[in-house]
Protein chains: 2
Amino acid sequence: MTRYRLTVEYDGAPFVGWQRQDNGATVQGAIEDAVFAFSGQRVEVAGAGRTDTGVHAEGQVAHIDLATDRFDAVTVMNAINAHLRPLPVAVVSASVASPDFHARFSAIWRSYRYVIVNRRAPLALDLGRAWSVLAPLDVAAMSAGAERLIGHHDFTSFRAVHCQSKSPMKTLDVLQVSRHGERIVVEARARSFLHHQVRNMVGTLRLVGEGKWQPDDVTAALKARDRVAAGPTAPADGLTLTAVGYPD
Amino acid sequence: MTRYRLTVEYDGAPFVGWQRQDNGATVQGAIEDAVFAFSGQRVEVAGAGRTDTGVHAEGQVAHIDLATDRFDAVTVMNAINAHLRPLPVAVVSASVASPDFHARFSAIWRSYRYVIVNRRAPLALDLGRAWSVLAPLDVAAMSAGAERLIGHHDFTSFRAVHCQSKSPMKTLDVLQVSRHGERIVVEARARSFLHHQVRNMVGTLRLVGEGKWQPDDVTAALKARDRVAAGPTAPADGLTLTAVGYPD
């Protein structure tokens with residue numbers, strides 16, 4: 001038995017998310033089918049982050065076990081990629097991992113990037129890859145609002161109602177807002193996130209950027225521990241899982 | 001009569017290029033239809049660069065004439081954008097221009113960016129937006145090759161056979177190659193380009209990057225004044241018209 005660690009890039013648009021389910025194509029299912037096509041083995045692909053419908057990844061991490069030591073990691077990567085065509089999913093790197101390594105449980109941080117295109121014109125090149133916000137946003141105010149969320153908190157106000165996490169307590173290490181011309185980028189990093197946490201934080205920071213909320217309102221929303229106290233959920237299109245960290 | 005200058009962004013994938021023609025959807029045709037839908041006027045949209053099938057634009061410039069002075073430029077922009085939905089085309093800025101201004105004939109430079117993704121894995125997030133080159137490319141060698149093309153030359157070797165330009169003489173002001181991780185970016189700027197010139201230069205520089213050609217071979221190809229002497233045409237997917245310059 002050999003365990004392989006895979007770094008995976010995908011466009012989330014044609015998928016109902018990472019996790020295999022009955023109601024549509026998933027990234028996990030696509031990779032499992034590709035592994036079967038080249039190895040004849042039905043494996044379960046364990047992923048570090050269960051991204052939602054329409055959410056993208058540059059650096060999702062997954063692992064698979066194959067009942068052989070015949071394949072080096074590059075062979076596995078190339079074979080999976082050959083069978084993934086023409087789907088917008090690619091294994092961008094692969095390595096042989098220790099049997100202790102687990103893509104999900106060994107991970108010590110996840111990072112996400114959320115992109116807002118802040119202009120009067122609708123999206124063209126960024127369709128499906130960003131949130132179009134027409135009203136001018138104040139990035140300094142958004143940054144001040146973001147600071148209120150950094151640290152160890154009960155994030156119930158930013159958690160999807162159907163979130164399955166046992167505890168709403170999370171430690172948010174990074175929540176940084178920056179402007180690059182008409183693009184506003186929100187970078188978030190934590191050991192783990194609640195369901196929809198990044199999108200709910202971004203939807204809330206938009207209110208601050210528009211001047212409808214003050215940074216103090218973000219603190220109040222956090223303290224309320226009630227989903228209705230925070231802003232709306234930002235659309236999936238703008239979100240990308242950028243990287244996953246491990247102790248190595 | 002009022003002349004409006006428009007800056008246009010588009011994803012080239014669903015179009016047979018900028019210029020209106022009978023065999024498929026064009027960007028020019030889409031904008032002309034949108035102008036008609038809101039103004040009732042059949043105008044001709046003049047564009048600065050006639051991009052090919054699949055070529056993208058961030059900063060195409062065009063102008064239209066409307067037989068009215070009723071509309072300010074922002075109104076024209078918003079109205080065209082409303083009627084362009086759901087196509088991946090957007091007018092990103094608009095201004096009232098002098099009757100002397102001509103998007104094509106007043107332009108004094110055009111700039112293009114070509115993106116290569118240089119890795120073993122196929123494209124996923126960059127599908128349709130980059131050229132996938134698997135063999136490692138030497139960017140220093142590509143830069144040395146690119147330098148041989150800068151200046152005033154007969155670019156016959158880099159010109160499509162069906163190019164309609166009267167003269168093959170062009171002045172290439174910028175041809176810069178840089179690496180950003182696995183992305184290689186080629187930036188090109190000139191007063192104007194021959195048909196397929198950027199893609200033919202990039203296809204040639206790839207040969208240099210792979211070590212199949214030396215920079216001296218680029219000079220020899222240029223001097224040959226024969227299309228077969230240069231490298232193959234790089235695919236349209238990687239090419240974007242980034243900006244057009246005017247004397248103002």
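Here is the naming used below: chain letters follow the sequence lines, and residue numbers restart at 1 for every chain.
Summarising the geometry of B:Pro122 relative to A:Ala90, their closest heavy-atom pair is O-CB, 3.4 Å, with the distance given to 0.1 Å. The shortest non-hydrogen separation linking B:Val92 to A:Ala121 is CA-CB, 3.8 Å. Taking each heavy atom of B:Leu125 and A:Ala57 in turn, the nearest pair found is CD1-O, 3.5 Å.
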Interchain donor-acceptor contacts below 3.5 Å (chain A, chain B):
residue  : atom : partner  : partner atom : Å
A:Glu9   : OE1  : B:Arg119 : NH1          : 2.8
A:Glu9   : OE1  : B:Arg119 : NH2          : 3.3
A:Glu9   : OE2  : B:Arg119 : NH2          : 3.4
A:Glu9   : OE2  : B:Leu125 : N            : 2.8
A:Arg119 : NH1  : B:Glu9   : OE1          : 2.7
A:Arg119 : NH2  : B:Glu9   : OE1          : 3.4
A:Arg119 : NH2  : B:Glu9   : OE2          : 3.4
A:Leu125 : N    : B:Glu9   : OE2          : 2.8
A:Leu125 : O    : B:Arg129 : NH1          : 3.0
A:Leu125 : O    : B:Arg129 : NH2          : 3.1
A:Arg129 : NH1  : B:Leu125 : O            : 3.0
A:Arg129 : NH2  : B:Leu125 : O            : 3.0

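Contacts of A:Val8 with chain B are absent, with no heavy-atom separation under 4.5 Å from either backbone or side chain.
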